[in-house]
Amino acid sequence: MRLLYRKQSAIEASSLGGAWRAFFPWTCNPRRVFVGVVFIALHLLLDRATVVSHMSVGTDVWYPPAGLALALLMGLGVSYAPLIFVSGFLTSAINYLLPVLGGNIWYVNGVIAVWYGGVAIVLRRYFQVDGAFRSLQEVSRYIFVVLGSTLGLAFCGALSFLWSKQIRVNSYGSSVLNWWVGDSVALFCLTPFLLVHVMPWLRVQTTHSSSAIVRSPKPETDPWPRSPNPRVLFELFAQSAGILASLYIALGSRFSREYQLFYIFFLPVIWIAVRKGVRGATAATLLLNVGAILMLNSFPQEPNRLISLQVLMLVVSVTGLCLGTLITERNQADQELRESEGRRQALISTIDEVVFEFDVNGTYKNIWTADESLLARPKAELLGRRAAEFMAPEVIDPILRIFKRVLKTGLGESIEYSLSLPARKWFLARVTPIPSADGKPSAICMTARDITARKLAEEQLRTTSEAAEAASRAKSQFLANISHEIRTPMNGILGMTDLVLDTPVTPEQREYLEMVKVSGDSLMELLNAILDLSKIEAGKLDLEPIEFLLPLRLAETLKMMQFRARQKGLELSWHSATDVPELLIGDPMRLRQILVNLVGNAIKFTEHGEIVLDVQAQKISPESVELHFRVQDSGIGIADDKQAMIFEAFTQADSSTTRKYGGTGLGLAITSRLVDLMGGRIWVESVPGRGSTFHFTATFGLPRGDTAVVTSWQHSGGAL
Ligand code: ADP
């Protein structure tokens, strides 16, 4: 922005009259020109008034034009510095009759303009003092810079008195002191008043650009509202009367001649500062200073009393400014606190949770809630009492234990608890520590959410699923019973059929009886499968681990299957890796069942090609081995979306396959349960039309000292 401004200034400077506008940028705006003119007039007047009062009082208690100049530079920007020079120049020429061509007039006014311009820049840019006097830090920086800079200016400025021979060398020191204190009083009294009361308004009027950005003070409660109520009016009247009374007592009364009563000025200033903050304090000190000058005109004082009055006015102005700022700062903090409390209340009423603050002993310190019916007792009854007084030990004890843990670890925790309010309600509480000023947790924040609805739904779900499980168990039991009951007559039918087949029968009768036998066998197979599945689901199927020779069992099983494969013109081969131990501990019957299912399916769903069984050792330890079995076929394959569901009971990849290949959809369900029992897992990889590979893993125990058995097996010549 500043760059832009400079660029703009440069362009303007190149045009006709640009040099003038670059030097006096404020002259582009008629309102600012008006402000400039008023400033020059005020400067002349205030200086004239100071000269007049100097003549009647005997000294300058303060020098208001200095305060006016700094307020203008800080409030509207340093671009007004040339105006300070111009008004100073005119004042020197008109009020002090300094020759306009003499070096002195140029020197003293140049120094003053540059000096105050520098002070305004230092304050605003380097010390971030914007003139709103909202913090004590801002005021301290202001005091520090003003006292230092006015002393420097007094040293340089008083040289002009020597130059113009207004003073002698030996009175240079007192002249410096007088200049310093007089300027300082004005800068602590008039400048803050103008910056707080006048400049924000003036800035709006002149719509000043960024070169004079001054944050307008946050609107605090107006100490003098537009339509004040009688109490405020009365207080205002009393405060003004207080100032006048103190002025009279300290400067005009009979006692003032006998005693030094200037300290009485502190009373109204403190009163007003405390009640009205910085706005009141700046107005009060200004009124006091103006009043003091007017009083001095009517009640002249001795020179030494004048010096102490001057110093006292400085101290009163600084005190008023500091105190007023302090109060404003506190009021603002209070206001912010109230606002943040309001925001917190609004937040809590929208989040639908109860928020508690507990001390380390579990005493309620604060409660925020939009619904008091969620509390064990009304809020007013709980505050200041211990939670243990209102909750049963089995509810509060775990909560208090969490409080202790949270205070120790500093980490939040959650807990669920229920209360009878009087209806039973469930809450989910989140407990977090609240750190104190030294960083250690000294209190607890607990938020509690009403989860009764969720709890009821969960309970209902649990009851429903328990009922469903019971029904499913009953169904399995029923199936098991039925299957068992059917198996007995079926055995009779099959046995009798065998017996009849052994007797001489006609070929036609034999054909019929063999059909009875085949149908009976498949019915038995189905019954066995149902029985197995219901046993597994009822958790009643246990493995019977024994020592067995894996190659022998594989050979037995697969040779039997090989017959069926050859009937379909398929090649069935099997292969076991060399590191697969031969002697294992496990249930060979159930392993056989798994292999019969998988290889049986492979044969069933393959028309051409081959079926391969491959066994590998995956993890071997001295006690056990995990084997990985793979049954690969070149059959019809299984679509991706069906691959997971074929392991469920009674499901088949495609209903058309049932019609073509038959089956019940139980084989893989039983197989996968058996694999589970063997501590393994089963999965399938398949490409429709190209074939499937079923994988499963199973863990078997390893016997100690198995060498003798293995050797005897190998010697029997049955190796794969
Ligand atoms: P089913 O008695 O129907 O064979 P399974 O549980 O053994 O019952 O198999 C379930 C379904 O999985 C089968 O109906 C079939 O659709 C599919 N399936 C199983 N094995 C294979 C395979 N080797 N190739 C193609 N589909 C298979």
Side-chain angles (χ1 to χ4, degrees), residues 476 479 483 518-537 541 554 557-558 560-575 589-615 628-678 680-698:
S476 301
L479 275 178
S483 317
V518 170
S519 305
D521 277 343
S522 61
L523 192 59
M524 265 313 249
E525 218 173 278
L526 174 65
L527 287 172
N528 284 339
I530 293 177
L531 203 62
D532 274 352
L533 193 73
S534 23
K535 268 192 191 166
I536 290 171
E537 283 189 348
L541 191 127
L554 287 180
T557 311
L558 291 163
M560 185 191 85
M561 309 292 293
Q562 212 166 28
F563 178 72
R564 273 169 60 190
R566 280 200 190 126
Q567 277 183 329
K568 275 189 88 176
L570 302 168
E571 199 56 48
L572 170 64
S573 59
W574 60 95
H575 167 258
M589 289 314 292
R590 295 297 176 186
L591 178 62
R592 179 175 184 275
Q593 195 177 348
I594 296 173
L595 291 172
V596 166
N597 266 331
L598 295 180
V599 177
N601 275 347
I603 296 170
K604 189 159 84 173
F605 294 108
T606 307
E607 297 305 329
H608 313 283
E610 56 165 1
I611 293 140
V612 183
L613 166 70
D614 178 68
V615 189
H628 179 184
F629 294 81
R630 266 185 328 141
V631 179
Q632 192 178 352
D633 66 47
S634 51
I636 58 170
I638 306 162
D640 277 359
D641 57 329
K642 303 286 185 267
Q643 289 180 9
M645 69 182 223
I646 54 170
F647 296 103
E648 302 293 325
F650 307 108
T651 45
Q652 294 176 319
D654 184 348
S655 54
S656 62
T657 55
T658 324
R659 288 193 294 277
K660 188 170 174 194
Y661 301 99
T664 55
L666 285 179
L668 285 180
I670 294 171
T671 303
S672 84
R673 311 291 206 283
L674 288 174
V675 168
D676 278 352
L677 285 173
M678 290 186 183
R681 63 188 191 94
I682 185 164
W683 70 99
V684 64
E685 287 166 357
S686 183
V687 181
R690 294 183 60 186
S692 318
T693 305
F694 280 81
H695 300 256
F696 74 93
T697 59

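Counting starts at 1 for both ligands and their atoms, following the listed order. When reading the values below, keep in mind they use all heavy atoms of this one structure, side chains included, and skip hydrogens, waters and symmetry mates.
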Once the angle between the rings of Phe647 and Phe694 is folded into 0 to 90°, is it parallel (under 30°), tilted (30 to 60°) or perpendicular (over 60°)?
perpendicular
If we set the cut-off at 4.0 Å for heavy atoms, which region of Asp633 has an atom near ligand 1: side chain, backbone, both, or neither?
side chain
Counting only heavy atoms closer than 4.0 Å, does ligand 1 sit against the backbone of Ile638, its side chain, both, or neither?
side chain
Looking only at atom types and distance, does a side-chain atom of Asp633 sit under 3.5 Å from a main-chain N or O of Ile611, one as donor and one as acceptor?
no
Could you check whether the rings of Phe696 and Phe629 sit parallel, tilted or perpendicular, using 30° and 60° as the cut-offs?
parallel
So is there a nitrogen or oxygen of Leu668 less than 3.5 Å from a nitrogen or oxygen in ligand 1?
yes
Under 4.0 Å between heavy atoms, the region of Lys604 that gets near ligand 1 turns out to be side chain
For Val687, give me all partners under side chain to side chain contact (heavy atoms under 4.5 Å, CB included), at least two apart in sequence or on another chain.
Arg690
So is Phe694 in contact with ligand 1, going by heavy-atom distances below 4.0 Å?
yes
Side chains of Gln593 and Arg590: is there a donor and an acceptor less than 3.5 Å apart?
yes
Just going by heavy-atom distances, which of Ile646, Thr693, Asn601, Thr671 is nearest to atom 20 (N) of ligand 1?
Asn601
Is a side-chain donor or acceptor of Thr606 paired with a backbone partner of Ile603 at a separation under 3.5 angstrom?
no
State if Ser692 counts as touching ligand 1 under the rule of any non-hydrogen atom under 4.0 Å.
yes
